[in-house]
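The chain is numbered in sequence order, starting from 1. The structure displayed is predicted, hence computed values, not measured ones.
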Amino acid sequence: GSEAAGEQGQEEEVEDRLKEHMDNLLDKSAKTRQVALQSLRLVFSSKILSEFLLERRLTLTDSLEKCLKKGKGEEQALAGTVLTLLCLQMGSGPEGEEVFHSLKPLLIGVLSDSTASPGARQSCATALGMCCYIAAADLE
């Protein structure tokens with residue numbers, strides 16, 4: 001009994017921290033946004049959170065969109081990585097496809113922007129390829 005309660009408490013703690021990181025993606029400080037992206041990257045790559053993310057995917061997608069549009073260099077690169085992990089979490093269903101299609105134009109924009117940093121362009125290229133492989137129903 002107490003072990004299950006402990007697990008539930010840990011899960012709620014992780015979810016609270018995730019919500020805080022997601023809120024920090026909208027902060028004015030680029031450093032705060034980068035730290036939030038790094039934290040999300042770590043959590044998304046170590047835990048399966050599809051249920052938690054399912055109801056928050058639109059908010060997270062909007063935040064990642066802002067990071068890709070307004071961010072520079074490292075922030076864009078981290079946003080591309082987090083987007084790839086979000087697609088992996090959402091899977092090949094309609095939710096993953098929705099996330100991919102909403103951010104695909106931005107990924108292509110950063111990728112084809114010759115003034116963007118090489119790291120950002122590489123991360124967006126990887127995100128585009130991985131998300132396309134995972135979530136694109138359209139063969140083109």
Task: Flag side-chain contact, heavy atom, 4.5 Å: Ile134 against Phe100 - done: no

TODO: Using the rule that two of Ile, Leu, Val, Met, Phe, Trp, Tyr join whenever any of their side-chain heavy atoms come within less than 4.5 Å, decide whether Leu85 and Val35 are in one cluster.
DONE: no

Open item on the list: To the nearest 0.5 Å, what is the distance between SG on Cys87 and OH on Tyr133?
Closed with: 14.0 Å

Open item on the list: Checking Thr81 now: which residues fulfil side chain to side chain donor-acceptor pair (under 3.5 Å) with it, not counting sequence neighbours?
Closed with: Ser123

- [ ] Identify, with sequence neighbours excluded, every residue that meets side chain to side chain contact (heavy atoms under 4.5 Å, CB included) alongside Ser29.
- [x] Asp27, Lys31, Thr32

TODO: With rounding to the nearest 0.5 Å, note down the distance linking CD in Gln38 to CD in Glu75.
DONE: 11.0 Å

For residues 109-120, dump all side-chain donor-acceptor pairs below 3.5 Å to protein atoms at least two apart in sequence or in another chain.
from   : atom 1 : to     : atom 2 : distance (Å)
Ser112 : OG     : Ile108 : O      : 2.8
Ser112 : OG     : Gly109 : O      : 3.4
Asp113 : OD1    : Thr115 : N      : 2.9
Asp113 : OD1    : Thr115 : OG1    : 2.6
Asp113 : OD2    : Thr115 : OG1    : 3.2
Ser117 : OG     : Ala120 : N      : 3.1

- [ ] Check step by step if salt bridge (charged side-chain N to carboxylate O under 4.0 Å, His left out) holds for Glu15 and Lys19.
- [x] CA-CA 6 Å; Glu15 288 180 3; Lys19 288 174 190 173; 5.1 Å; no

Task: Interatomic spacing from CG in Leu60 to CG in Leu25 - rounded to 0.5 Å - done: 6.5 Å

For residues 64-73, dump all side-chain donor-acceptor pairs below 3.5 Å to protein atoms at least two apart in sequence or in another chain.
from  : atom 1 : to    : atom 2 : distance (Å)
Glu65 : OE2    : Lys69 : NZ     : 3.2

TODO: Before giving the answer on side chain to side chain contact (heavy atoms under 4.5 Å, CB included), spell out for Phe44 and Leu53 the whole-Å C-alpha distance, their side-chain angles and the decisive distance to 0.1 Å.
DONE: CA-CA 10 Å; Phe44 287 4; Leu53 293 172; 3.6 Å; yes

Open item on the list: Nearest 0.5 angstrom please: Leu88 CG to Cys131 SG, how far?
Closed with: 7.5 Å

Task: For Gln122, side chain to side chain donor-acceptor pair (under 3.5 Å) partners two or more places apart - done: Thr126

Task: Verdict with reasoning, Leu37 to Ser39, per side chain to side chain contact (heavy atoms under 4.5 Å, CB included) - done: CA-CA 5 Å; Leu37 286 165; Ser39 299; over 6 Å; no

Task: Sequence neighbours excluded - salt bridge (Lys or Arg N to Asp or Glu O under 4.0 Å) pairs with any residue from residues 43-63 - done: Arg57-Glu98

Open item on the list: Holding to salt bridge (charged side-chain N to carboxylate O under 4.0 Å, His left out), I want the full list of residues that pass it with Glu74, two or more places apart in sequence or in another chain.
Closed with: none

- [ ] With sequence neighbours left out, write down each residue that passes side chain to side chain contact (heavy atoms under 4.5 Å, CB included) with Glu20, or none if nothing qualifies.
- [x] Asn24

Task: Nearest-0.5 Å distance, CD of residue Glu95 to CD of residue Glu97 - done: 10.0 Å

TODO: Can you sort out the partners of Thr61 under side chain to side chain contact (heavy atoms under 4.5 Å, CB included), two or more places apart, ordered by chain and number?
DONE: Leu86, Val99, Ser102, Leu103

- [ ] Working to the nearest 0.5 Å, report the span between CZ of Phe52 and CD of Glu11.
- [x] 10.0 Å

Open item on the list: Taking CE in Met22 as the centre, count heavy atoms belonging to other residues, nucleotides or ligands within less than 6.0 Å. Is the count above 12?
Closed with: yes

Open item on the list: If hydrophobic clusters are built by linking Ile, Leu, Val, Met, Phe, Trp and Tyr wherever their side-chain heavy atoms come under 4.5 Å apart, do Val14 and Leu42 end up in the same one?
Closed with: no

TODO: Using modelled atom types only, decide if a donor and an acceptor are shared between the side chain of Gln89 and the backbone of Leu49 within a distance under 3.5 Å.
DONE: yes

TODO: Give the cluster check for Leu54 versus Leu83: same hydrophobic cluster or not, with ILVMFWY residues linked at side-chain heavy-atom distances below 4.5 Å.
DONE: yes

